[in-house]
Amino acid sequence: MTKPFYVILFAILFTSGLESQAVVFHNNYMRNGFSLNGQWNYIVDVYESGFYNYRWIPYDEIENPGAGAFFLNSKPKSKSDLVEFNFDMSPTIYVPGDWNSQHEKLFYYEGTIWYKKSFNIPDFNPGKRYFIHFGAVNYRADVYVNGQKLGMHKGGFTPFHYEMTGIVREKDNFVIVRVDNKRAADEVPTLNTDWWNYGGITRDVTVYAVEPTFIDDYNIQLDEENKQLIRGNIRLNGKDKAGQKVIFSIAELNIQKELFTNDDGYVQFEILSKKIGLWSDTHPKLYDISLETETDAIKDRIGFRQIKTIGPEILLNGEKIFLRGICIHEENPVRGGRAYSMDDARILLGWAKELGCNFVRLAHYPHNENIVRLADEMGMLVWEEIPVYWTIQWGNEETYQKAEQQLKEMIQRDKNRASVIIWSMANETPQSPERNTFLTRLVNTTRSMDPTRLISAAMENHGKKGVKNIAVVEDSFSDMVDIVSFNQYYGWYGGDIANLKNLRWEIDINKPVIISEFGAGALQGYHADSLTRWSEEYQEYLYRETLPALRTIPQLSGISPWILADFRSPRRMLSPYQEGWNRKGLISQTGNRKKAFYVLQKFYEELASQFVKEKKKSR
Ligand code: GCB
């Protein structure tokens, strides 16, 4: 008999003496886990027959669900027994990875697919605590281990985990995940986007074993004013969390500090060191740090830097910086499909580096942790974003909660990454009092979790009423952000490229401005004159004219054109140019650079050398 979820949860909490406080499990990335990546069996369940019974009641809410419930992984007990599914005889699919790019029949599929994997746990120790961690599943995941429900998670781009202590055993475990990527009006994102809705277990799945009391969370940063002061806090989880000794060390700086947790398992600290080398885009210095308790040890690589704005300038370590950026979707166009691996990250950030970027806007949702970790190593500044995109249900509290959860999970995961300098709340959202309340709540949550980074959102610009050639950004949300960013498509969705030189933006606010998008579609290899849509020449012309026009904005502190590479979008159906691809990439899906790539590359080269000269002069 399967017990309802709350009975199981109670049993786990009761028997293991755990507290109710949610486990953060920060930096699992650097822990030694046991990977469940690889081939999983899958069943496509268009009618949700494995989830609901014929009265449309979820099997996992029924006392005796019977053999129809997929999460039980039932097998016929005799030759006359009826069980109408068999994971072990079903086809396999690779995890991590989206299903669309792996099997042709799943290319357009939006719905439910069940995943199943069997596993043993090496060196199983019943005295330890076990967690199963998912880097991301798009969009909804219902997770079951050994026939017991661990939980349900929504949000396709952020990590989550469940404790399975007491449920998992040494041998013959099976994990079953129902993955549902159907779009819905009240979700985040909503029905309408301009990217492919890749479904599946799209990032790593890992099992972790920790001692009953372990290092759950920490946050280590350079002080916002004093470049010789490191501030941090550490939180333990488990029954012995109070009064525990924690040793925090950075060997390279000769730092070794003994700390003791309070009754909540929490300790805050400050360390002065005159030798801290700062992290920056030109010198991405990272330190190996370690945290040790009697029962746990964890390492990380952390960079120390300050980021702030003063008036219209962005200051990195107290010095003015210009963000030479590019937008990126989490897609490896050459392999085809959602990007997830370090190899994918190397391709994407490698292209950005070749372009001369020191900044990437990871659009329009949190990307995988590999790319953010690599940005730390490469000195690439990062804008991270949640999929509050276009037409979210602003007045719906549940929708708000979904957005906030994704925001929190993103910040939680990446709060120790020096490369991340901007949290973005939204993209091109229509103004209304409900929207303002929604976004303001997100801002307040962000500031309370992380007061050290900058907040922005990609807003919109419009022609000034009755005045020719003047565009304005009149969004009251500008007051809430640190950086005013806006997307503008003059010369593509309206306006004449030739007129860009006459265009001026009036932005009546003393804050830095980022042009978070501009661009034009071009089919790589299609050549014509510069007025012919879809030609490389048109895109090149638009870049040539847009770049100098944008430089007339006095507060301009960065740009991130749209976009590094062509990406799949069901909105883009025009034959023969689009064929399901948004063609605004500077690089094609075959990895070839388009002409505009070189225009931006040259612009960035000149900007960078001009910046170096100005810096030298000011010293
Ligand atoms: C935008 C959106 C982006 C689209 C792009 C386009 O403004 O922010 O998601 O893909 O325009 O190509 O139209």
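Ligands are counted one by one from 1 in listed order, and the atoms in each one are counted from 1 as well. Just the heavy atoms: all of them, side chains too, but no hydrogens, waters or symmetry mates, feed the values below.
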Can you tell me how the ring of Tyr109 sits relative to the ring of Trp99, calling it parallel under 30°, perpendicular over 60° and tilted otherwise? tilted

In this structure, CG of Leu407 is separated from CD of Gln412 (nearest 0.5 Å) by 11.0 Å

Measure up the Tyr538 and Trp492 rings against each other and bin them: parallel (under 30°), tilted (30 to 60°), perpendicular (over 60°). perpendicular

Name the residues in contact with ligand 1, where contact means a heavy atom under 4.0 Å away: which are they? Asp194, His364, Tyr389, Asn427, Glu428, Asn487, Tyr489, Tyr493, Glu517, Trp562, Phe567, Arg572, Asn582, Lys584

Would the Trp562 and His329 ring centres measure less than 6.0 Å apart? yes

Which residue in the set Tyr489, Tyr543, Tyr490 passes ring-ring contact (aromatic ring centres under 6.0 Å, His included) when paired with Phe518? Tyr543

For the ring-ring contact (aromatic ring centres under 6.0 Å, His included) test, which of Tyr389, Tyr198, Trp195 pairs with Tyr365? Trp195

